[in-house]
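Read through the structure below, which is laid out as structure tokens, and then see the notes.
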Amino acid sequence: MDTNTGAPGTGAVAEALAGQRIELPSWAFGNSGTRFKVFAQRGVPRTPHEKIADAAAVHRFTGVAPSVALHIPWDAVDDYAELAEFARDQGVSIGTINANVFQDDAYVLGSVCSPDPAVRRKAVDHLLECVDIMDETGSRDLKLWFADGTNYPGQDSIRARQDRLAEALRETYDRLGRDQRILLEYKLFEPAFYTTDVPDWGTAYAHCLELGERARVVVDTGHHAPGTNIEFIVAVLLRAGRLGGFDFNSRFYADDDLMVGAADPFQLFRIMVEVVHGGALAADSGVAFMLDQCHNIEPKIPGQIRSVMNVQEATAKALLVDREALAAAQAAGDVLGANGVLMDAYNTDVRPLVASVREGMGLDPDPMGAYARSGYGERIVAERVGGEQAGWGA
């Protein structure tokens, strides 16, 4: 159902933008890189607390990033309730809990899909541990991405691996609290090169249907084959009520994890057109808008600020689409007219509009400039001396 009819006024667009929420990934504030090299930067967080402090800085300058996702064990602490309280004191909250079943030597042949029952038990126990952490932090969502797969034909039974996956997901799902959800992520390939056990949205969707209403699919914008129409996937999952959220990033070749909107801003706009069309901006839609990026050479905090701004601008353009004119052109079979309606919205310079929204929220209209002038970056470089810098664990 189309929940956005006509060309909305700037007041309605501003209200929607002010209410938008974008979750930040803790790991984006640590050192990251490729399999060739991780480049260390000064001032990088050394603890989960410092990651949260940096995420809170992004929220202070953007006003729309009030939660930070954790990755376990990268963000493991002894007292998660205390960590959640620290986050609240910083003006943010702990959001999605991300499990990690891909960085242990035991998982060389897979985690929950491994042919070894002991390895499967180890992996599922970690997933259950993550649900325990959710209980302590008050988190709603458990995000699952599995590196499981095979490299060679005949290496393992494709069907048996799907059975093992279903069994692990069922045990984890049954452990969830009433208000908690599983968000199942998919990825076309890597690190497995012949088969990946959750390679596409259809596989994830099928498992979510089998699990129940509190299992939904996550769309990572970098996890598709070249040329994939991601907005089509978004529309289908929204129609089915099974879109759990996004991991926003950009790719040129594969899973590049670049800043969202950097490689193809028009794609991001097209995705947000479907999000708006499906009513998924509403707080009660259950769709989580998350970033999943690795800032290899760019400064961490400004990289996150820029990504948030890119999502805001794409959203603003999507909100400006004249739905009545679009529907009329579509009904009349006016191919060029319909496309023109979208292009008019896309080609609108929304930066003044978004800047005015920030001013209305009591924020500096220029988050990048405000951060640069704040001195926060210089302060953390001076303070964070010694210790071991956080990284993404590769």
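Numbers here simply count residues along the sequence, with the first being 1.
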Quick one, Ile297 with Gln41, criterion side-chain contact (heavy atoms from CB on, under 4.5 Å). Give me CA distance, side-chain angles, the key distance, then yes/no. CA-CA 9 Å; Ile297 59 175; Gln41 297 184 16; 5.7 Å; no

Could you walk me through whether His207 and Glu210 pass the side chain to side chain donor-acceptor pair (under 3.5 Å) test, one step at a time? CA-CA 5 Å; His207 280 285; Glu210 185 176 341; 4.7 Å; no

Look only at the side chain of Ser139 and the backbone of Gly95, and say whether a donor-acceptor pair between them is shorter than 3.5 Å. yes

Between the side chains of Asn249 and Asp256, does any donor sit under 3.5 Å from an acceptor? no

Looking only at side-chain N and O atoms, does Trp74 offer a donor or acceptor that is under 3.5 Å from a partner on Gln103? yes

So if you build clusters from Ile, Leu, Val, Met, Phe, Trp, Tyr with side-chain heavy-atom gaps below 4.5 Å, do Tyr173 and Ile133 land together? yes

Check Ala338 against Ala329 and note the closest heavy-atom contact, atom names and distance. N-CB, 3.5 Å

Verify same cluster id: Val131, Leu165 (apolar side-chain graph, 4.5 Å): yes

Positive for side chain to side chain contact (heavy atoms under 4.5 Å, CB included) with Leu169, one of Val124, Val198, Leu144, Leu127: Leu144

Looking at Val234 and Glu274, what are the two nearest heavy atoms and their distance? CG1-CB, 4.2 Å

Least distance between heavy atoms, Met134 atom then Leu142 atom: SD-CB, 3.4 Å

For Lys300 and Asp54, what are the C-alpha separation, side-chain angles and deciding distance, and is it a salt bridge (charged side-chain N to carboxylate O under 4.0 Å, His left out)? CA-CA 9 Å; Lys300 314 298 181 180; Asp54 287 357; over 6 Å; no

Test the Arg270-Phe232 pair against the cation-pi criterion, namely NZ or CZ under 6.0 angstrom from the six-membered ring centroid and within 45° of the ring axis. no

Any salt bridge (Lys or Arg N to Asp or Glu O under 4.0 Å) involving residues 361-381? Give me the pairs, sequence neighbours left out, ordered by first then second residue. Asp364-Arg373, Arg379-Glu383

Exercise: do Trp145 and Asp247 side chains pair donor with acceptor under 3.5 Å: no

Do Phe246 and Phe289 pass the ring-ring contact (aromatic ring centres under 6.0 Å, His included) test, and can you show the C-alpha distance, the side-chain angles, and the key distance before you say yes or no? CA-CA 5 Å; Phe246 291 92; Phe289 299 91; 5.7 Å; yes

Determine, stepwise, if the pair Asp141 / Arg216 fulfils salt bridge (charged side-chain N to carboxylate O under 4.0 Å, His left out). CA-CA 10 Å; Asp141 294 335; Arg216 298 194 181 187; over 6 Å; no

Is the ring pair Phe189/Phe193 parallel, tilted or perpendicular, if the boundaries are 30 and 60 degrees? tilted

For Arg181, does its backbone N or O pair with a side-chain atom of Arg214 as donor and acceptor, under 3.5 Å? no

Step-by-step side-chain contact (heavy atoms from CB on, under 4.5 Å) determination, Met272 to Val275: CA-CA 5 Å; Met272 295 311 300; Val275 165; 3.9 Å; yes

Check: Ser250 side chain, Gly261 main-chain N or O, donor-acceptor pair, under 3.5 Å: yes

Can a donor-acceptor pair be found, under 3.5 Å and without considering hydrogens, that links the side chain of His59 to the backbone of Ala65? yes

Would you confirm whether Ser374, through its side chain, and Tyr376, through its main-chain N or O, come within 3.5 Å as a donor-acceptor pair? yes

Is the side chain of Thr62 donor-acceptor paired with the backbone N or O of Val58 at a distance under 3.5 Å, no angle test? yes

Exercise: identify the closest heavy-atom pair between Arg161 and Pro115: NH1-CD, 4.2 Å

Examine distances only and state if a side-chain atom of Thr172 and a backbone atom of Ala168 form a donor-acceptor pair shorter than 3.5 Å. yes

Consider only side-chain heavy atoms of I, L, V, M, F, W and Y, link residues closer than 4.5 Å, and tell whether Ile22 and Met259 are in one cluster. no

Is it the case that Lys51 places NZ or CZ above or below the six-membered ring of Phe29, under 6.0 angstrom from the centre and within 45 degrees of the axis? no

Which atom names give the shortest non-hydrogen contact between Leu243 and Val287, and what distance separates them? O-CG2, 3.5 Å

Determine the minimum heavy-atom distance between Asp148 and Val101, stating which atoms define it. OD1-O, 4.5 Å

Decide side-chain contact (heavy atoms from CB on, under 4.5 Å) for Ile97 and Lys143; before the verdict, give the C-alpha distance in whole Å, the side-chain angles of both, and the deciding distance to 0.1 Å. CA-CA 6 Å; Ile97 301 299; Lys143 182 144 62 86; over 6 Å; no

For Asp116 and Arg120, what are the C-alpha separation, side-chain angles and deciding distance, and is it a side-chain contact (heavy atoms from CB on, under 4.5 Å)? CA-CA 6 Å; Asp116 187 337; Arg120 297 200 299 272; 5.8 Å; no

Residues Asn310 and Ser307: side-chain donor-acceptor under 3.5 angstrom: no

Looking only at the aromatic ring of each residue, does the gap between the centers of Phe266 and Tyr346 stay below 6.0 angstrom? yes

Taking atom types as modelled, is there a side-chain donor on Asn31 or Gln389 under 3.5 Å from an acceptor on the other? yes

